[in-house]
Protein chains: 2
Amino acid sequence: MDNSVPGTASIGRMPTVKRDTYTPDSLLSVAVRVFNERGYDGTSMEHLSQAAGISKSSIYHHVRGKEELLRRGISRALDGLFGILDEPAAREGRAVERLEYVTRRTVEVLMTELPYVTLLLRVRGNTDTERWAMDRRREFDQRVAGLVKEATAEGDLRSDVDARLATRLLFGMINSIAEWYRPERAAGEGSGDTSAEVAEAVVRTAFAGLRTH
Amino acid sequence: MDNSVPGTASIGRMPTVKRDTYTPDSLLSVAVRVFNERGYDGTSMEHLSQAAGISKSSIYHHVRGKEELLRRGISRALDGLFGILDEPAAREGRAVERLEYVTRRTVEVLMTELPYVTLLLRVRGNTDTERWAMDRRREFDQRVAGLVKEATAEGDLRSDVDARLATRLLFGMINSIAEWYRPERAAGEGSGDTSAEVAEAVVRTAFAGLRTH
DNA sequence: ACTGCAACCGAACGATCGGTCGGTGCAAGG
DNA sequence: CCTTGCACCGACCGATCGTTCGGTTGCAGT
């Protein structure tokens, strides 16, 4: 299908940032794309080598093996998500405001780091790496669940729906974006598919239902 | 782990409905459980044989192969979902009422047929069987999207969120139930986890946000 | 008592899996 | 010019994949 070229072909000869060959990161972006298309278990090293345009054995020059590619991809997603919780707007102010902010930013990170977050969301728990990913993800969910509880206690969220259930449904909406959002389709103006616009729609849809009014 | 016994051991000797050995359907329920635990591609016939307590080759006495187990499992989920659209309450009345009904029933079917629907939702499209499953699922989604459009046109749903996006977020909430609902945990009274109770929470959370008020 | 068949089994098939090995070519540095 | 080392390769490894084959066992029907 897509015989992609390693990096952006640059005429510069000096060891600038860009290279003509693969780096662990540029190879990762190819691998993660294939993982998402075929599933991690359904992807063989042969598939990866064809998608990258180098031989199977050459992949091992850049990374230790298949599982390292999975771990690196998942790490990138987790870094993006946990980074949200460290931002000022996620730490200060009324709980419901912090929750709205985290929701909006989670949608944005999910869309800008789409392949990596998609990979994270599909992990099942067969290996140590996958179980570690699930644990870290659960940790993120629980941090947000704490915000939901706080906001409910402060009377800003309706209390006739259990906080844990509400959190799950909220993440259900957010995470489902990975199932249908395709950035190449969002190029046109006014398509209503930029990350900020989708984030706004998610917040409106979710919070108008969760808020007390 | 679980060396399950084929069927419910019955003392009856005549060819009643229940058997002491595996039927394609009873084997299917074991296989689908393992598929969901390990992922379809991550499940080998050896895994299935161990979970079923019979040898690998014996599986082929009941079904043609691994992919037939996938196809049967997915079919069962699709039958349940499309069955909803044929029910009277999904065909008569105001669009927003039909939409609420379909939403509620979809949650219920998802929870009663949990393993089969979970299997359907995780299909990625590597084989013909998987692509057929994705096509059928998209067909179901579009039928519901039609209801959303109708209800929006009738002025019962807010129009500041695109109908297609709203449908996707609605299914995001519904389908995410497969990610966390575990029936064995819902046995206790008042746990708020029966299918009707969860369905009610989903409808409330989703529609209070989507409705005009 | 004999037959037929459902339900099962171990052994083995070719294919493919993730990963290793011993190179080759070539650009940069001295 | 010669050396060094990065990026890459084809050939191959043992293990495991889904599937097939040739049985064996035990019960139902006659």
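Every chain is numbered from 1 and lettered A, B, ... according to where its sequence line falls, protein lines coming before strand lines. All values reported here derive from a predicted model rather than from experimental measurement.
For B:Arg64, the CZ atom sits in a loose shell: 12 or fewer heavy atoms of surrounding residues, nucleotides or ligands are nearer than 6.0 Å.
Contact between the side-chain N/O atoms of A:His61 and the OP1/OP2 oxygens of D:dA7 is found at a separation under 4.0 Å. B:His62 has no side-chain polar atom (N or O) that falls below the 4.0 Å cut-off from OP1 or OP2 of C:dA6. Between B:Ser58 and C:dC8 there is no side-chain polar atom (N or O) within less than 4.0 angstrom of OP1 or OP2.
Within 3.5 Å, a donor on the side chain of B:Ser57 pairs with an acceptor on the base of C:dG10, or the reverse. Taking only distance into account, the side chain of B:Lys56 meets the base of D:dT19 through a donor-acceptor pair shorter than 3.5 Å.
Of the residues near DNA chain C, A:Glu46 and A:Arg64, the one whose nearest nucleotide (by heavy atom distance) lies more toward the 5' end is A:Glu46.
The distance from atom CD of B:Gln50 to atom P of C:dG10 is 12 Å, rounded to the nearest whole Å. Counting to the nearest Å, the P atom of C:dC9 and the OH atom of B:Tyr22 are 10 Å from each other. Atom P of nucleotide C:dG19 and atom CD of A:Glu68 are separated by 10 Å, given to the nearest angstrom. For A:Met45 and D:dA11, the CE to C1' distance is 17 Å, given to the nearest whole Å. The nearest whole Å value for the distance from the CD1 atom in A:Ile59 to the P atom in C:dG19 is 10 Å. Atom pair B:Arg38:CZ and D:dG18:C1' shows a separation of 16 Å (rounding to whole Å applied). The nearest whole Å value for the distance from the OH atom in B:Tyr60 to the P atom in D:dC17 is 11 Å. Atom CG of B:Asn126 and atom P of C:dC17 are 12 Å apart (whole Å).
A:Val202 and A:Thr103 get closest at one heavy-atom pair: CG1-CG2, 4.3 Å. Taking every heavy atom of both residues into account, B:Arg98 and B:Glu92 meet most closely at CG-O, 3.5 Å.
Within the 4.0 angstrom heavy-atom criterion, only backbone atoms of the sugar-phosphate kind lie near A:Thr43; the bases stay farther away. Residue contacts shown for A:Ser44 are limited to sugar-phosphate atoms, with no base heavy atom under 4.0 Å away.
A side-chain N or O of A:His47 and one of A:Ser44 form a donor-acceptor pair less than 3.5 Å apart. For the residue pair B:Ser176 / B:Glu179, no side-chain donor-acceptor distance below 3.5 Å is found, with atom types taken as modelled.
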